[in-house]
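Throughout, numbering of the chain's residues begins at 1 and tracks the sequence. What's counted below: heavy atoms across the whole structure, side chains too, no hydrogens, waters or symmetry copies. These numbers come from a predicted model, not from an experiment.
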Amino acid sequence: MPRRNHRRDRPERADLSRLLDVGLRVDSSQGQRWNVRSVRGNDAGRQYVCPGCQQQLSSAIAHVVVWPAEGLGDLTDRRHWHTQCWAARDRRPPRGSWR
């Protein structure tokens, strides 16, 4: 008898919002809620300034992008943080352009 290679039960339909929010989480800091997305490194060659340490952050290394959870915001609300700096934001609050 031939073997069946397909599943008999149908998989659940994927929720579109769940698909769009891959890698997105919400963190709280300084009495505010923040959307946090982990970004893997790429070779785009962009440079950012981490608000936590005020050091250069290359797009070639993995890091997090953070923006306010309330409202839609725009590109100027996003900040690129070193992952370690975001984890230590309570001990070392942001300086510079994002207080």
Side-chain angles (χ1 to χ4, degrees):
M1 174 178 256
R3 182 177 163 195
R4 292 186 177 192
N5 289 329
H6 57 74
R7 294 182 60 160
R8 291 179 192 228
D9 57 330
R10 297 262 179 192
E12 286 185 32
R13 288 183 170 234
D15 180 18
L16 184 59
S17 63
R18 192 177 70 195
L19 293 174
L20 294 175
D21 291 340
V22 172
L24 181 69
R25 67 182 190 272
V26 178
D27 286 349
S28 296
S29 178
Q30 300 174 352
Q32 200 169 4
R33 292 170 41 99
W34 303 94
N35 290 323
V36 181
R37 182 181 303 267
S38 297
V39 179
R40 63 180 187 194
N42 61 32
D43 58 354
R46 295 186 183 131
Q47 293 287 323
Y48 307 102
V49 175
C50 174
C53 65
Q54 296 297 305
Q55 298 293 318
Q56 290 292 320
L57 171 62
S58 170
S59 64
I61 63 171
H63 60 283
V64 294
V65 180
V66 180
W67 67 94
E70 288 78 31
L72 292 176
D74 60 9
L75 292 179
T76 60
D77 294 331
R78 296 187 320 178
R79 296 293 184 267
H80 295 254
W81 288 68
H82 291 109
T83 305
Q84 298 84 359
C85 292
W86 179 252
R89 68 192 176 280
D90 294 331
R91 295 187 310 268
R92 297 183 324 182
R95 303 181 308 240
S97 65
W98 201 40
R99 292 180 192 218

Under 4.5 Å between any side-chain heavy atoms of Ser28 and Trp34, yes or no?
-> no
Same cluster or not: are Val65 and Ile61 linked, directly or through other Ile, Leu, Val, Met, Phe, Trp or Tyr residues, by side-chain heavy atoms under 4.5 angstrom apart?
-> no
So which heavy atom on [X] is nearest to which on [Y], and how close?
X: Val64; Y: His82; value: CG2-O, 4.4 Å
X: Val26; Y: Ala69; value: CG1-CB, 4.5 Å
X: Thr83; Y: Ala62; value: OG1-O, 4.0 Å

With sequence neighbours excluded, give me every side chain to side chain donor-acceptor pair (under 3.5 Å) pair touching residues 56-65.
-> Asn42-Ser59, His63-His80
Under 3.5 Å donor-acceptor pairs involving side-chain atoms of residues 45-52, not counting sequence neighbours:
none

Spacing of CD belonging to Gln32 relative to CG belonging to Asp27, to within rounding of 0.5 Å | 12.5 Å
Counterpart residues, side chain to side chain donor-acceptor pair (under 3.5 Å), relative to Thr76 (two or more places apart) = Asp74
Heavy-atom neighbours of Asp90 CG exceed 12 at 6.0 Å | yes
